[in-house]
Amino acid sequence: MSSETRDIVTDETNASRTAKEQTYRAIFLACGILSVLTTVAIIATLFSDALTFWSEVPIEDFLLGTNWSPQIEGSYGVLPLVSATLLITFGSAVVALPIGVLTAIYLSEYASDRTRSILKPTLEILAGVPTVVYGFFALVYVTPALGTIFPSISTFNALSASLVVGIMIIPMVSSISEDAMSAVPDSLRQASYGLGATKFEVSTTVVVPAAISGIFSSFILALSRAIGETMIVTIAAGSNARLIDPLDPFSAFLNSVEPMTAAMINIGKSDVDPGSLTYKSLFAIGLTLFAITFVMNVVSNLVAERYREEYE
Amino acid sequence: MAAETPSWAQQAGQVSRLRGRAFEAICLASTSLALVSVMVLLLFVANDAFRPFEAEPALTFAIPVLPGLELFVVPVVLPAYLLVFGATLGLPVALTALYYYRRDDPAGEVAYATLGLPIVSLLVSAGVLVMFIEVLTVSELFATELALLVAVGAIYGHARLRPRKAVERLAIIIVAPVVALAGLPPAMFNDIVNGIAGLAGVGPVLTTRLFSVRELVLASPFLPVRWVMLLATVTLPVVAIFAPILARRRESREAGLALGGLSMIVAALGLVAAPALGVGSDVWIVVASVTVPPLAVYVEGVVRRREGMAGLAFPLVLIGGALAGWLLVQQVGFGMPDPWLDWGFLTNAHSRFSAEKTGIYPPLVGSVMMLFAIVILIFPVGVGAAIYLEEYAPSQGLAGKFVTLIEINIGNLAGVPSVVYGLLGLALFIRFLSMPVGAIIVGALAVGLLILPIVIISAQEAIRAVPDSHREASYGMGATRWQTIRDVVLPQAFPGILTGTILALGRAIGETAPLLMIGMPAIVRRAPDGFFATGSAMPRQIFRWSKEFDPLYRHGVLAAGVVTLLVVLLIMNGTAIILRNKFQREETA
């Protein structure tokens with residue numbers, strides 16, 4: 001059949017052929033533009049509702065207010081939510097960054113080819129586990145296990161959410177860092193071996209510094225992922241919006257907190273009236289979240305571009 | 001040499017060696033930490049979902065870890081049925097696997113594929129069946145396929161009769177499917193126009209229209225009996241895909257025809273055999289038609305290559321072992337465990353009163369329908385965008401800047417939190433376009449936009465991997481750009497695109513936050529009967545169950561739901577990985 005179509009095609013006149021080519025080109029271009037339209041739609045919807053929200057609640061009250069109680073008191077200070085997000089991001093970073101980098105070092109410097117070919121896809125699968133499942137792990141298994149160590153821990157707490165978010169973002173840190181470390185040319189390693197360095201010294205003083213831009217960009221991306229993480233914190237961290245006291249991290253971690261994403265879900269799944277202020281506050285938090293993650297993604301790209309060591 | 005080395009240097013060497021060892025151990029420990037902790041959690045879930053150790057009779061014994069200390073005695077409960085299955089199923093399977101691993105590497109892969117292929121086919125046929133039962137009737141599908149056939153026939157006929165009119169053909173390519181499927185103008189268009197006219201106080205404006213082939217077929221009094229329609233709508237298309245593959249490989253039409261005939265016969269056998277086994281004949285026909293042709297093609301390939309044929313025995317060992325174990329347990333009268341995740345769980349709806357009767361069926365159907373909708377809506381757009389960026393996009397000038405903008409934008413879209421996509425769905429589709437709250441289609445659109453950048457990026461990578469020399473050869477033979485893409489680039493990039501898409505769909509099936517934001521209801525008692533109907537999805541239901549404090553829900557139902565979701569996901573990711581490995585091997589070969 002295909003040989004017949006070829007014959008047909010060569011019979012086509014040039015003009016109609018060009019018209020056809022142009023049409024296909026236009027169709028594919030339209031597909032590409034759709035992705036831009038998605039961004040435009042995100043920004044437009046977030047801004048239009050967030051701006052009407054800020055016309056009713058002054059933006060400084062929103063950004064600097066320390067009380068979040070939209071449905072009962074009608075007070076919309078976002079700081080408690082932001083502080084909870086930062087708390088959980090900090091906790092997950094403590095777990096994920098060192099472990100992620102050490103994993104990357106092991107995969108790139110120590111593991112044999114066969115080990116790596118097994119470990120890398122397995123880590124990928126970890127990254128593919130749905131976050132609602134991670135949230136379930138945190139609530140049903142991790143929190144009771146933590147309860148044997150900290151008897152005062154509450155059912156919903158920031159600690160188990162942080163631990164599990166940390167485990168979730170490890171593959172992200174390790175895979176991007178490992179790519180950066182594998183890109184370090186072997187000649188650098190050979191040179192330092194030639195100078196008498198041990199494998200430990202090569203890994204820590206040659207490979208890691210040479211790959212530092214990739215490692216940092218992986219950190220930023222992973223943290224941005226942790227900030228935007230929704231289901232784990234909604235299920236496991238709870239919905240108690242309170243300002244975190246940085247001087248008392250212990251009680252902050254052991255009690256229920258409400259990060260930005262969890263607050264959005266809690267508003268979104270309760271039937272709020274689409275015209276109400278609470279509904280619009282959803283978009284104000286959404287815009288704040290979008291802005292933070294967007295800036296972090298851009299910074300991560302810049303770091304990777306700007307501080308990359310070029311090797312020929 | 002050791003004699004010449006001063007003692008201080010030796011000490012330093014030992015210290016640094018110790019430090020190196022310690023560092024390597026720490027690195028290895030970190031690598032294992034994430035894997036082991038998730039693995040342990042998975043074991044906990046599986047234990048909660050299946051309760052394998054809760055069956056009578058059981059052997060109970062205590063293993064002293066430290067002799068003499070009461071505290072370190074681990075009680076072990078080993079139900080008798082487990083021992084039986086261990087002997088009939090576990091041991092033979094382990095031995096066969098060991099044999100493949102040590103002696104016959106290709107056989108291991110064959111074993112993996114012959115086992116995996118039917119599972120994937122079964123899952124697909126389950127999806128098809130669910131769609132049948134809940135959304136379309138068989139006659140509707142029959143009419144739709146017949147209409148599509150007419151449309152394709154019209155396009156093909158035009159290409160034969162008027163080969164030079166490319167623009168005309170483009171018009172036909174667009175118009176023919178519309179006429180065949182929806183009529184001219186489509187019924188919905190008439191309804192809208194008449195509705196507006198009705199609001200304006202005028203009577204119906206559009207009263208006549210050209211009926212579509214689909215409507216005519218549905219209205220005709222001569223619809224064939226159900227099983228004939230099932231054979232025509234399900235078995236024939238599958239055969240039409242796989243029979244030519246076999247015919248091409250063996251270079252004989254007869255082989256293709258034989259495969260087609262065999263599949264039809266096996267499917268039609270269901271009319272006799274299915275009632276005897278206690279299954280519906282519909283189920284048999286769908287399962288047989290989706291499973292037999294691909295499996296036959298694969299087995300034929302293995303037998304023809306004579307490589308790893310021992311692997312074909314693996315499914316037999318597995319099924320035989322399971323069957324033998326089951327019969328033996330039944331004969332002796334050992335108790336079997338009562339898992340949470342059983343047939344009832346998969347076919348029931350959520351029950352407020354009894355955890356034992358609760359099931360996941362409506363959300364399961366919702367998830368399947370969402371996947372269908374996402375594939376139809378997002379896959380063409382994603383691949384189209386990737387084709388534009390890799391094949392058409394200019395790299396210079398103003399247009400080039402615009403293309404760079406698109407690329408950066410796609411990268412950033414991939415980093416937008418999922419809950420923001422939920423807001424987009426809420427504001428754009430529900431409030432602005434007034435789509436129904438919590439409808440399957442809205443969920444599919446929100447989650448689809450979320451995975452669109454992932455689909456585009458992976459499709460771009462697959463297209464980029466096609467060597468330029470192939471394109472240049474095609475241009476050199478006078479092919480146009482579109483012909484090169486259609487006949488050279490896409491066929492080669494297809495496995496890669498497919499892999500990336502399946503992985504992205506795996507992400508889609510687990511996404512929860514967007515579904516919550518677009519207002520998917522917590523409890524759905526009946527499966528959605530269309531794409532615009534309100535529905536739920538598996539992760540949404542899991543989230544709902546996580547709010548229950550009753551331990552029967554928290555440790556039983558919830559675990560069963562999580563395992564269902566993970567199994568679907570595992571099969572999807574496994575398929576993607578098999579495809580990728582096969583693809584990479586062909587690349588290097």
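In this text, all values refer to a predicted model and were calculated from it rather than measured experimentally. Letters A, B, ... mirror the listed sequences (proteins, then strands); counts begin at 1.
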Between atom [atom1] of [X] and atom [atom2] of [Y], what is the distance when rounded to the nearest 0.5 Å?
X        : Y        : atom1 : atom2 : result
A/Ile42  : B/Leu449 : CD1   : CG    : 7.5 Å
A/Phe136 : B/Phe543 : CZ    : CZ    : 14.5 Å
B/Leu424 : A/Thr38  : CG    : OG1   : 7.5 Å
A/Arg25  : B/Glu391 : CZ    : CD    : 12.0 Å
B/Asn412 : A/Asn297 : CG    : CG    : 5.5 Å
B/Thr31  : A/Ile99  : OG1   : CD1   : 9.5 Å

Is it true that a side-chain atom of B/Asn409 and a backbone atom of A/Ser35 form a donor plus acceptor pair closer than 3.5 Å?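 Yes.
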
Quick check against the 3.5 Å criterion: does B/Glu24 have a side-chain atom that pairs as donor or acceptor with the backbone of A/Tyr110? no

At a 4.5 Å cut-off on heavy atoms, which part of [X] comes close to chain B: side chain, backbone, both, or neither?
X        : answer
A/Leu221 : neither
A/Leu29  : both
A/Phe283 : both
A/Thr293 : side chain
A/Leu282 : both
A/Thr122 : both
A/Ser203 : side chain
A/Ser48  : neither

Heavy-atom distance under 4.5 Å to chain A: side chain of [X], backbone, both or neither?
X        : result
B/Ser37  : side chain
B/Ile410 : side chain
B/Ile456 : side chain
B/Leu413 : side chain
B/Ala29  : neither
B/Leu423 : both
B/Tyr421 : side chain
B/Arg554 : both
B/Leu566 : side chain
B/Val383 : neither
B/Leu565 : side chain

Among [options], single out the residue with the greatest number of heavy-atom pairs under 4.5 Å to chain A.
options                                : result
B/Val38, B/Val40, B/Leu405, B/Leu41    : B/Leu41
B/Ile26, B/Ile430, B/Val381, B/Asn573  : B/Val381
B/Val403, B/Val420, B/Ile387, B/Ile518 : B/Ile387

I want to check something: taking the side chain as every heavy atom from C-beta on, are [X] and [Y] in contact at a cut-off of under 4.5 Å?
X        : Y       : value
A/Phe137 : B/Leu42 : yes
B/Tyr388 : A/Ile27 : no
B/Arg431 : A/Asp49 : yes

Would you call the rings of A/Phe28 and B/Trp482 parallel, tilted or perpendicular if under 30° counts as parallel and over 60° as perpendicular? tilted

What do the steps show when you test A/Leu102 against B/Phe23 for side-chain contact (heavy atoms from CB on, under 4.5 Å), and what is the final call? CA-CA 9 Å; A/Leu102 289 172; B/Phe23 183 67; 3.9 Å; yes

Shortest non-hydrogen contact from [X] toward [Y]:
X        : Y        : result
A/Val132 : B/Gly510 : CG1-O, 4.2 Å
B/Ser418 : A/Thr230 : OG-OG1, 4.2 Å
B/Gln483 : A/Glu21  : N-OE2, 4.3 Å
A/Pro130 : B/Leu569 : CD-CD2, 3.4 Å
A/Cys31  : B/Ala385 : CB-N, 3.3 Å

With side-chain contact (heavy atoms from CB on, under 4.5 Å) as the criterion, how do B/Ile485 and A/Tyr24 come out once you've worked through the C-alpha distance, each side chain's angles and the decisive distance to 0.1 Å? CA-CA 11 Å; B/Ile485 291 168; A/Tyr24 280 113; over 6 Å; no

Can you name the one residue among A/Glu229, A/Met264, A/Met231 that meets side-chain contact (heavy atoms from CB on, under 4.5 Å) with B/Val419?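 Answer after filtering A/Glu229, A/Met264, A/Met231: A/Met264.
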
Among A/Ile167, A/Ile170, A/Leu126, which residue meets the side-chain contact (heavy atoms from CB on, under 4.5 Å) test with B/Leu35? A/Leu126

Taking every non-hydrogen pair under 4.5 Å, which of A/Thr45, A/Val95, A/Ile265 racks up the most with chain B? A/Ile265

Best-contacting candidate, A/Phe290, A/Tyr279, A/Phe294, against chain B by heavy atom pairs under 4.5 angstrom: A/Tyr279

Could you pull out all residues at least two apart from B/Arg507 that satisfy side chain to side chain donor-acceptor pair (under 3.5 Å)?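 Checked B/Arg507 against side chain to side chain donor-acceptor pair (under 3.5 Å); matches are B/Glu511.
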
Between B/Arg19 and A/Glu201, does at least one N-O distance fall below 4.0 Å, as a salt bridge requires?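 Counted as a salt bridge, because a side-chain N and a carboxylate O are separated by less than 4.0 Å.
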
